[in-house]
Amino acid sequence: MTEEKAKPVNFIEKIINEDLASGKHSNIVTRFPPEPNGYLHIGHAKSICLNFGLAQQFAGQCNLRFDDTNPEKEEDEYVQSIQDDVRWLGFQWAGDIHYTSDYFDQLHAWAIDLIKAGKAYVCDLSAEQAKEYRGNFETPGKNSPFRDRSVEENLELFEKMRAGEFDEGACGLRVKIDMASPNMSMRDPYIYRIKKATHHQTGDKWCIYPSYDFAHGQSDAIEGITHSVCTLEFADHRPLYEWFIANLETPAEPHQYEFGRLNINYTVTSKRKLRALVEGKVVNGWDDPRMPTISGMRRRGYTPSAIRNFCDSLAVAKTDGTVDVAQLEFFIRDDLNQNAPRAMCVINPLKVVITNMAADHDETLTVPFLQDREELGSREMPFTNEIFIDQDDFKEEYSKKFKKKFCVGKRIRLRHGYVIQADGFEKDEQGNITQVNATLIENTLGCDPEDGDKPKGVVHWVSCKHAVEAELRMYSRLFTDANPDGGKKDFMECLNPESLVVKTGLIEPALASVAPETGFQFEREGYYVADRFDHSSDKPVFNLTIGLREDKSLNS
RNA sequence: AGGGGUGUAGCCAAGCGGUAAGGCAACGGGUUUUGAUCCCGUCAUGCGUAGGUUCGAAUCCUGCCACCCCUGCCA
């Protein structure tokens, strides 16, 4: 037995191991806390795989919590899509779905505790004034003139805020920490602000909402989260997170750990930019197959296991690097290669007439969907005297480079079928080859020609009479620049004009009736998937998931 | 400028004082009824940089450099 090298233990696993060994925790609880203000993308997939994966690995649990503290940006559409995406990826959260808004009453009570303890105050500074008072990196801030209001006054004002007696922005509740802190997030951060907006969960019950900082750690505490994992940009907030846990009577003391978010070249993963692509109609919605959203990748034909394998291949560390999209593509191909049924589709048809076969010959070949995977079954392929092969597979003149191609005097194997030999071809006035005439070599189904003249190449084909037209949506990368997210240029200016090319392909008849979202490898062409929404047997539509790897030595 | 974080190959990384794992990419070669897959091989005298400690340093110490994040009543 060759032992597989153990996967390195990442720093979060190390911490968990220590916490388990020391008895600090007897079981671990993580959470995936998206804000329902957009669709999940590949970066979230990494976080989902990490948080749910940690729970599985340590036999703990992972909660799904919607971090919904800002009613102006959040919508039900997103809470639905996020649930669908998490489940589709193959994960199930523990128990019911949680919402930060479930804890608004408790959070409100804690805010009052802070006021009573003299640790929070209602500040009437305008947003602009607050910014001035905050100072900047080299200048300490100044205390707000409202910082020393009495507990009674603060209680009364906060209650008025809650009751809707003030306009938005008129005031806010701040926590009294340190206006001179070098950490800007500790300069008396706001913990409650007025927003007279209807909340997707709590409706019009509240007109004041807790800030992310005031809600997150306490929500973790309420849910008994042991390891609260977030991305690097929150590292500066950790002291604040800890301040609330230390200054409030919380049921537990969760800890926050930060890891580097996933970046991939040739794509963008900021909600703002993804939204711009959707709203600018650059793509057809959040689930356009060119989008790095989970629903987009799904529609593209990426599989949950391929995405999970990719995420598991990524390091959980504190470096913020950019992963080459080729690494993602590797895992897509790897999964599809092992599991996708094979089928045939001719994209640029060239008719081949087999002259030694009767015009009414109609043979049915039973072909397995995937060699060595009998459970995937087989389909029937009609074989007749007129078939289509791809134009690129026939060459007028033989050359070393085309040793595997079809040309006059040479033989070729029809995949899963017979060997044929080209005798001649016809051209139109423009010089395009319009037809190849060939003869079938007898007794070559499943075996080599008896005369020992083995064909060098194999081609995919489809019976002219039986082929079905299918719309092929051929997708490729959305951006031509490796770093569309980079500062210099506008990401909208590096769009790939050929990210979607629509063609018509001729598929074997068995493919027309396939269910939406069924993925195939169209042999020698690439991986395709029946479109989740537009495919039907009346009008087959297949999306290009990803091409096959190409032998680069042939491109010279 | 203050604070937080990070620098190991083209990319992602392991390594935690004993002489540079692994994956992707790339490049050779073999097999093949998919020019796919699969198999085999090559790919850092070097760990941001300059010093220091040590028998021995990517690992410890000091200085310097580069990059990312932070001045929302966003998350």
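In this model, a donor atom of one side chain and an acceptor atom of the other lie less than 3.5 Å apart for A/Asp67 and A/His216.
When both pairing distances are held under 3.5 Å, B/rG46 makes no Watson-Crick or G-U pair with any nucleotide shown. Across all strands shown, B/rU6 pairs with B/rA66; the Watson-Crick or G-U wobble distances both stay below 3.5 Å. The nucleotide B/rG41 finds its pairing partner in B/rC27, both defining distances of the Watson-Crick or G-U wobble pair being shorter than 3.5 Å. In this structure B/rA58 sits in no base pair that meets the Watson-Crick or G-U test at under 3.5 Å. Under the Watson-Crick or G-U wobble criterion, with both distances below 3.5 Å, B/rG17 is left unpaired in every strand shown.
Note on A/Cys230: nothing from the nucleic acid sits closer than 4.0 angstrom, heavy atoms only. Using a 4.0 Å heavy-atom criterion, one finds that A/Gly169 contacts the bases of the nucleic acid, with or without backbone contacts as well. Among the heavy atoms of the strands, none lies under 4.0 Å from A/Tyr192. Heavy atoms of A/Ala315 sit under 4.0 angstrom from primed sugar atoms or phosphate atoms, though from no base atom.
Phosphate proximity of B/rA75 to A/Thr69: present, with a side-chain N or O under 4.0 Å from OP1 or OP2. OP1 or OP2 of B/rG22 has not a single side-chain nitrogen or oxygen of A/Lys7 nearer than 4.0 Å. A/Ser181 has no side-chain polar atom (N or O) that falls below the 4.0 Å cut-off from OP1 or OP2 of B/rG3. A close approach under 4.0 Å does not occur between any side-chain nitrogen or oxygen of A/Arg415 and OP1 or OP2 of B/rG35. Distances shorter than 4.0 Å separate none of the side-chain N or O atoms of A/Arg524 from OP1 or OP2 on B/rU32.
In summary, A/Asp392 and A/Lys405 engage in a salt bridge, as defined by a charged side-chain N under 4.0 Å from a carboxylate O.
Taking atom OH on A/Tyr257 and atom C1' on B/rG5, their separation rounds to 17 Å, with Å as the unit. Note: CD1 (A/Ile194) to P (B/rC73) measures 14 Å, nearest angstrom. Atom CD of A/Glu168 and atom C1' of B/rG72 are 14 Å apart (whole Å).
Sequence order on RNA chain B of the closest nucleotides to A/Arg549 and A/Arg238 puts A/Arg238 first from the 5' end. Comparing A/Arg342 and A/Thr322 by the nucleotide of RNA chain B whose heavy atom lies nearest to each, the residue mapping closer to the 5' end is A/Thr322.
Distances from the side chain of A/Tyr190 to the nucleotides B/rC73, B/rG4, B/rA36 place B/rC73 closest. Nearest nucleotide to the side chain of A/Lys403, out of B/rG35, B/rC11, B/rC74: B/rG35. Taking every side-chain heavy atom of A/Lys195 into account, B/rC74 is the closest of B/rU6, B/rC12, B/rC74. Closest to the A/His237 side chain, of the nucleotides B/rC12, B/rA75, B/rA1, is B/rA75. Candidate nucleotides B/rG4, B/rG23, B/rU33 were compared by shortest atom distance to the side chain of A/Lys454, and B/rU33 ranks first. Taking only side-chain atoms of A/Lys318, from C-beta outward, the nucleotide of B/rG23, B/rU6, B/rC73 with the closest atom is B/rU6. Nearest nucleotide to the side chain of A/Glu233, out of B/rC73, B/rC70, B/rC69: B/rC69. When each of B/rG15, B/rA75, B/rG23 is scored by its nearest atom to the side-chain atoms of A/Lys14, the top-ranked nucleotide is B/rG15. Proximity note for A/Asp236 (side chain, C-beta onward) versus B/rA25, B/rC74, B/rG4: the nearest is B/rG4. Closest approach to the A/Lys131 side chain among B/rC12, B/rA14, B/rG72 is made by B/rG72 (side chain taken as heavy atoms from C-beta onward).
Environment of NZ in A/Lys403: sparse, with no more than 12 heavy atoms of neighbouring residues, nucleotides or ligands closer than 6.0 Å. Remark: A/Lys318 NZ is packed, more than 12 non-hydrogen atoms of other residues, nucleotides or ligands lying under 6.0 Å away.
B/rG17 has its base anti relative to the sugar, with a glycosidic angle deviating from 0 by more than 90°. In this structure, B/rG46 shows a glycosidic angle within 90 degrees of zero, which is the syn conformation.
Between the base of B/rG35 and the side chain of A/Glu550 there is no donor-acceptor pair shorter than 3.5 Å.
Using a 4.5 Å heavy-atom threshold, the side chains of A/Ile420 and A/Phe406 count as touching.
Between A/Phe137 and B/rC70, a base-stacking contact is recorded: ring centres under 5.5 Å apart, planes less than 30° from parallel.
Ring geometry for A/Tyr212 versus A/Phe234: interplanar angle of 30 to 60°, hence tilted.
In plain terms, the two heavy atoms of A/Tyr209 and A/Thr69 that are nearest each other are CB-O, 3.4 Å.
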